[in-house]
Peer 1: 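Got a structure for you, written out below as structure tokens; questions coming shortly.
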Number of protein chains: 2
Amino acid sequence: MGKLLCACDSCRNKLCAKQISIFSSLDGQQLTKIADLIIHKCYKKGELLILEGETMNSLFIINKGQTKAFRNTQDGREQILHLFSEGDFFGERNLLRDQVSNYSVEALEETHVCLIHKHDFQLLVREHPDIALKVMEELCRRLDRLENTVETMGTRTVEARVSSVLLEFADKYGKPHPKGIMIELPLNREGIANYIGLTRETVSRKMSLLQDEGVIEMNGNKKVLIVDRTALERLAE
Amino acid sequence: MGKLLCACDSCRNKLCAKQISIFSSLDGQQLTKIADLIIHKCYKKGELLILEGETMNSLFIINKGQTKAFRNTQDGREQILHLFSEGDFFGERNLLRDQVSNYSVEALEETHVCLIHKHDFQLLVREHPDIALKVMEELCRRLDRLENTVETMGTRTVEARVSSVLLEFADKYGKPHPKGIMIELPLNREGIANYIGLTRETVSRKMSLLQDEGVIEMNGNKKVLIVDRTALERLAE
DNA sequence: CCAAAATCATGCGTTACATCACATTTTTTT
DNA sequence: AAAAAAATGTGATGTAACGCATGATTTTGG
């Protein structure tokens with residue numbers, strides 16, 4: 001289960017840093033310099049990138065694949081806090097203040113990451129203040145999303161929560177489809193339940209209900225077609 | 001209900017900016033320059049500082065008093081997202097990208113704020129990158145808190161939610177007391193309920209229960225004495 | 001200090017979700 | 001392609017929080 005250096009050099013000569021929005025203000029030469037600082041790693045599905053409570057010393061940037069950030073609650077549940085995919089970063093909180101990670105991060109599929117060491121990142125930020133602004137922007141986006149999550153979790157109706165999460169997935173992972181928007185779900189039913197604080201069974205039941213109402217169509221376990229987005233938005237309130 | 005300029009000059013000549021952590025890296029001369037940019041305003045209890053959906057052009061920093069940030073949900077509830085008190089700032093999200101406010105902010109008591117105009121703030125950040133890092137730190141703290149909120153809201157047991165919020169208040173507003181920690185509650189029962197996604201009645205019932213168990217002692221409606229912090233921490237998990 | 005208004009406590013019936021159990025389907029493995 | 005494993009759907013049942021109603025208490029404002 002060792003975390004091996006990535007065998008593929010899919011990005012070593014391709015300036016993967018260029019793809020990443022927080023570096024978007026830099027020019028080619030600066031990016032080349034950054035590329036030299038980056039270490040690449042590759043994780044298989046189910047592998048842990050970060051363990052809650054662990055001391056961190058790098059910023060993780062996802063080059064390919066996706067991960068979930070979660071905590072194991074005392075009552076045995078798993079609460080998923082964030083989903084990270086291509087271009088997202090995490091571990092930033094431990095770069096400013098010395099602090100252990102407050103969640104675990106697990107690969108949901110084969111995931112390739114770029115690592116920048118804490119020290120290098122701090123130098124970069126000093127040299128290019130624009131990076132700090134980009135990071136701030138992303139943190140604000142993340143706050144927005146969490147505020148929405150808190151709002152929907154505070155809402156009593158469970159239908160609204162399920163609808164919200166489907167809309168979120170549609171925006172993030174959805175692809176156009178002749179009959180609507182096709183989503184390749186990043187999580188199974190239990191994962192969705194752990195993301196919005198419900199049980200697997202309740203998510204199942206509500207999704208079946210949405211299908212009966214003609215709002216969505218399930219295609220196997222991993223694909224969902226949003227047929228009537230408007231209805232979903234109305235349900236999500 | 002007009003938002004009048006503050007009559008008191010409690011801070012005009014006292015470099016109120018000095019108190020504010022995001023400016024802590026600046027020296028006296030720089031602070032004086034900032035003080036000139038600041039506009040002071042004063043709001044009475046119940047007044048709105050920001051209305052959800054409003055275009056924003058300033059950063060608000062609380063000099064004295066406290067406020068709640070909230071949204072009115074479609075089902076008629078009010079979801080409180082943040083509590084801000086002395087030294088806290090808000091409105092930052094609208095300074096980076098042009099975006100309307102995604103929550104309303106209301107004064108919970110007489111509140112004095114310092115306002116910095118978007119344009120001035122952006123210049124300041126360019127000139128003093130340390131400010132951006134300080135803002136990032138605060139944003140991270142806020143993310144931490146929201147992540148905790150999501151975790152406790154996802155937890156099924158309501159006792160844990162109530163205990164968590166009491167602990168949060170104890171840390172933020174608690175004062176030492178011979179028998180434990182005395183809290184001056186920033187919110188009434190309904191407010192607490194809207195903060196953690198419960199009903200007023202449920203909060204009432206659970207707090208009565210905690211009192212019966214000898215964990216807390218209520219003193220009128222606005223004061224709570226934490227008698228057994230350990231028990232509360234155990235309940236909060 | 002008193003009266004009015006606001007806030008809080010609590011009993012009770014109802015509802016919605018959790019929980020358990022098991023059949024079924026889908027996915028993975030060989 | 002078949003077998004094994006994993007994930008999902010669904011019914012029955014219990015329970016905990018909601019929602020309403022009402023009386024008690026606390027706070028506010030003159």
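Quantities reported herein were computed from a predicted structural model and do not represent experimental measurements. Hydrogens, waters and symmetry mates are skipped; everything else that's a heavy atom, side chains included, is used. Throughout, protein chains are lettered first and strands after them, A, B, ... in sequence-line order, and every chain is numbered starting at 1.
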Peer 1: Of the listed nucleotides (C:dC8, C:dC17, D:dT8), which one gets closest to any side-chain atom of B:Arg189?
Peer 2: C:dC8
Peer 1: Grab the CG-C1' distance between A:Leu210 and D:dG9 for me, whole Å please.
Peer 2: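 One finds 15 Å between C1' of D:dG9 and CG of A:Leu210, rounded.
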Peer 1: Please determine, for the side chain of A:Asn221, which listed nucleotide (C:dT10, C:dT26, C:dT7) has the closest atom?
Peer 2: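 Nearest listed nucleotide: C:dT26.
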Peer 1: Hey, is A:Arg71 close enough to B:Glu147 for a salt bridge, meaning N to O under 4.0 Å?
Peer 2: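 Judged by the 4.0 Å cut-off on N to carboxylate O distance, A:Arg71 and B:Glu147 do form a salt bridge.
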Peer 1: Tell me whether the OP1 or OP2 atom of C:dT25 has a side-chain N or O from A:Lys222 closer than 4.0 Å.
Peer 2: no
Peer 1: For A:Ile216 and D:dT8, what is the distance between atoms CD1 and P respectively, to the nearest whole Å?
Peer 2: 13 Å
Peer 1: Where each residue is assigned the nucleotide of DNA chain D containing its nearest heavy atom, which of B:Val158 and B:Gly220 is assigned the position nearer the 5′ end?
Peer 2: B:Val158
Peer 1: Between A:Asn194 (CG) and C:dA18 (P), how many Å, whole number?
Peer 2: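 Taking CG of A:Asn194 and P of C:dA18, I get 12 Å after rounding.
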Peer 1: Separation of A:Arg161 atom CZ from C:dA16 atom C1', in whole Å?
Peer 2: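 The distance from CZ of A:Arg161 to C1' of C:dA16 comes to 11 Å, rounded to the nearest Å.
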Peer 1: Measuring from the side chain of B:Glu201 (C-beta onward, heavy atoms only), which nucleotide among D:dT8, C:dC8, D:dG19 has the closest atom?
Peer 2: D:dG19
Peer 1: Can you measure A:Leu187 atom CG to C:dT27 atom C1' for me and round it to whole angstrom units?
Peer 2: 17 Å
Peer 1: Let's see if you can work this out: which of D:dT10, D:dC20, D:dA17 has an atom nearest to the side-chain heavy atoms of B:Arg205?
Peer 2: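 Of the candidates, D:dC20 comes closest.
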Peer 1: For the pair made of CG in B:Leu185 and P in C:dA6, what is the distance, rounded to whole Å?
Peer 2: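 That distance rounds to 20 Å.
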Peer 1: When you check the gap from the basic side-chain N to the acidic O, do A:Arg141 and A:Asp88 get nearer than 4.0 Å?
Peer 2: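 No, this pair does not count.
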Peer 1: Distance check needed: C:dC17 C1' versus A:Arg77 CZ, whole Å only.
Peer 2: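 Rounded to the whole Å, the gap is 13 Å.
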Peer 1: Measuring to OP1 and OP2 of C:dA16, would you say a side-chain N or O of A:Thr202 lies under 4.0 angstrom away?
Peer 2: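 No, no such contact exists.
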Peer 1: Output the rounded distance in Å from CZ (A:Arg200) to P (C:dA18).
Peer 2: 12 Å
Peer 1: Identify whether NZ of Lys or CZ of Arg in B:Lys68 sits under 6.0 Å from the centre of the six-membered ring of B:Phe70 and within 45° of that ring's axis.
Peer 2: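 Yes; both conditions hold, so B:Lys68 lies above the ring face of B:Phe70.
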Peer 1: If you only use heavy atoms from C-beta on, which nucleotide in C:dA9, D:dG19, C:dC8 is closest to the side chain of B:Met218?
Peer 2: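 Nearest to the side chain of B:Met218 among the choices is C:dA9.
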Peer 1: Check this for me: does any side-chain nitrogen of one of B:Lys175 and B:Glu184 sit under 4.0 Å from a carboxylate oxygen of the other?
Peer 2: no
Peer 1: Should B:Ser208 be listed as having a side-chain N or O under 4.0 Å from OP1 or OP2 of C:dT10?
Peer 2: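 Yes, because at least one side-chain N or O of B:Ser208 sits under 4.0 Å from OP1 or OP2 of C:dT10.
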Peer 1: Between A:Leu198 and B:Glu190, which is nearer to the 5' end of DNA chain C once each is assigned its nearest nucleotide?
Peer 2: B:Glu190
Peer 1: Reckon A:Lys206 has a side-chain N or O less than 4.0 Å from the OP1 or OP2 of C:dC17?
Peer 2: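 It does, given that an N or O in the side chain of A:Lys206 lies less than 4.0 Å from OP1 or OP2 of C:dC17.
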Peer 1: Output yes when at least one side-chain N/O atom of A:Ser204 is less than 4.0 Å from OP1 or OP2 of D:dT8, else no.
Peer 2: no
Peer 1: Please check this pair: side chain of B:Arg161 against backbone of B:Ile196, looking for a donor-acceptor N/O pair closer than 3.5 Å.
Peer 2: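 Yes; at least one donor-acceptor contact below 3.5 Å.
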